[in-house]
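Every chain is numbered from 1, with letters handed out A, B, ... down the list of sequences. For the numbers below, each heavy atom of this structure counts, side chains included, while hydrogens, waters and symmetry mates do not.
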Protein chains: 2
Amino acid sequence: MESAKGQIPTVAFVAAGSNAGKTTLIEKLIPVLRRKGYRVGVVKHSSKGFQLDRPGKDTYRFAQAGAEAVGIASGEEMALMARLSGEPPLPALLARMPEVDLILIEGFRYEASVRIEVYRSGIAVEPICRKEQGFLALVSDMGVEGVTLPRFHPDDVEGLAGFLVEELLPQKSSPHA
Amino acid sequence: MESAKGQIPTVAFVAAGSNAGKTTLIEKLIPVLRRKGYRVGVVKHSSKGFQLDRPGKDTYRFAQAGAEAVGIASGEEMALMARLSGEPPLPALLARMPEVDLILIEGFRYEASVRIEVYRSGIAVEPICRKEQGFLALVSDMGVEGVTLPRFHPDDVEGLAGFLVEELLPQKSSPHA
């Protein structure tokens with residue numbers, strides 16, 4: 001497991017407003033991509049902050065005592081929690097990713113370079129891709145006027161996964177298949 | 001926050017048997033080292049495995065769906081959980097540490113290069129430093145026959161912190177003080 005250093009393709013799923021279905025979409029994409037032979041990493045933006053660790057755990061005690069970063073590992077997995085001290089969060093996470101074939105990003109609308117918009121018809125906000133350039137595709141249960149991007153229905157996870165492989169992993173088709 | 005890549009001094013607190021007081025000692029060392037102006041990272045070995053994440057959390061859902069690694073970040077902190085896929089855990093963690101002045105390691109007796117033994121008199125096991133070379137010091141509430149290492153009482157956290165700074169951070173005395 002070597003640090004990835006940014007050469008791994010990334011795609012961010014972004015949405016105007018919340019509850020557009022980003023998390024569920026990414027959750028469904030992972031097993032489909034895995035079945036195609038790709039190792040997937042996921043990076044999520046947390047606007048409200050998050051708490052993984054719990055009082056009483058040794059790692060929690062170290063963080064409370066003032067450690068900048070606390071890591072834990074068994075033979076099978078590792079976890080690292082660290083203060084960012086003003087560093088931009090997305091590069092900090094991407095630089096620490098293990099070697100995967102593709103990194104799916106939830107959020108980071110302004111920081112991500114390759115983006116797909118997730119848009120739900122019931123949400124009363126304007127889709128971002130009507131105002132901003134640089135979107136790869138639109139995931140929506142309906143067409144959006146004035147948008148000519150490739151569109152995938154949220155249920156068409158197979159179609160979207162195939163599209164991602166073609167667009168982002170052209171040299172790596174089914175490396176483990 | 002740049003990845004550390006191993007040039008940061010490390011010291012591992014190891015013990016024969018459990019409940020020798022490693023966690024408590026590290027927990028007490030952190031604020032003392034911070035007060036001296038050093039940023040501290042901590043890395044812990046988990047022999048039983050660990051679970052930080054909880055069912056229902058988005059990060060948990062991504063891991064359950066088959067992601068190799070899941071990261072989350074707010075503006076202030078980040079967390080990364082990853083499968084190790086056979087990679088050695090200690091280097092995997094150290095390579096991902098942010099820039100700190102010193103990394104305290106709990107456990108990793110056989111993997112760590114700079115070690116301090118924590119030994120408690122009530123524990124009916126032989127101290128490791130009587131059999132193995134390469135220890136920097138002994139932390140114990142009593143002297144151990146045949147061991148001539150510098151010895152610190154577990155309550156002498158100030159003394160131990162000063163020793164660590166002298167031994168491991170000679171060029172960096174009180175960089176932020």
Quick one about A:Thr24 and B:Arg61 (side-chain donor to acceptor, distance below 3.5 Å, no hydrogens or angles considered), yes or no? yes
Heavy-atom donor-acceptor pair, B:Arg34 side chain to A:Ala67 backbone, under 3.5 Å: no
Test item: B:Lys44 and A:Val70 side chains (from C-beta on) under 4.5 Å apart, heavy atoms: no
Side chains of A:Phe62 and B:Thr23, heavy atoms from C-beta outward: is any pair under 4.5 Å? yes
Under the rule for side-chain hydrogen bond (donor to acceptor under 3.5 Å, both in side chains), what residues qualify as partners of A:Glu68, not counting sequence neighbours? none
Does atom CG (B:Asn19) have a neighbourhood of more than 12 heavy atoms from anything else shown, all under 6.0 Å? no
B:Glu76, CD atom: more than 12 neighbouring heavy atoms under 6.0 Å: no
Looking at chain B, which one of A:Pro88, A:Gly107, A:Pro89, A:Ala69 has the largest number of heavy-atom pairs inside 4.5 Å, strictly under? A:Ala69
Grab the two heavy atoms, one from B:Leu93 and one from A:Ala73, that are nearest each other, plus how far apart they are. CD1-CB, 3.5 Å
If two hydrophobic side chains count as joined below 4.5 Å and joins carry through other members, does A:Leu29 share a cluster with B:Tyr60? no
Against chain B, work out which of A:Gly41, A:Gly75, A:Gly66, A:Ala63 has the most heavy-atom pairs shorter than 4.5 Å and name it. A:Gly66
If every non-hydrogen atom of B:Asp53 is compared with every non-hydrogen atom of A:Arg54, which pair is closest and at what distance? O-NH2, 4.3 Å
Of all heavy-atom pairs linking A:Ala65 and B:Ile30, the shortest is O-CG2, 3.3 Å
Closest non-hydrogen atoms of B:Leu52 and A:Ala79, given as atom of the first, atom of the second and distance, are CD1-CB, 3.4 Å
Residue by residue, which of residues 131-138 of chain B have a heavy atom closer than 4.5 Å to a heavy atom belonging to chain A? none
May I ask you to name which of A:Gly86, A:Pro91, A:Ser74 has the most heavy-atom pairs under 4.5 Å with chain B? A:Ser74
With rounding to the nearest 0.5 angstrom, report the OG to CZ distance, A:Ser85 to B:Arg39. 8.0 Å
Separation of A:Met81 CE from B:Met81 CE (nearest 0.5 Å): 8.5 Å
Would you say the side chain of B:Ile72 lies within less than 4.5 Å of the side chain of A:Val43, judging by non-hydrogen atoms? no
Would you say that A:Arg96 contacts B:Met78 through its side chain, given a criterion of any heavy-atom pair below 4.5 Å between the two side chains? yes
Of all of A:Lys48, A:Gln64, A:Lys28, A:Gln51, which one pairs up most often with chain B through heavy atoms under 4.5 Å apart? A:Gln51
Can you tell me how far the NZ atom of A:Lys57 sits from the CZ atom of B:Phe50, to the nearest 0.5 Å? 9.5 Å
Contacting region of A:Glu106 [heavy-atom separation from chain B under 4.5 Å]: side chain
Same cluster (ILVMFWY, side-chain, under 4.5 Å), B:Val114 and B:Val118: yes
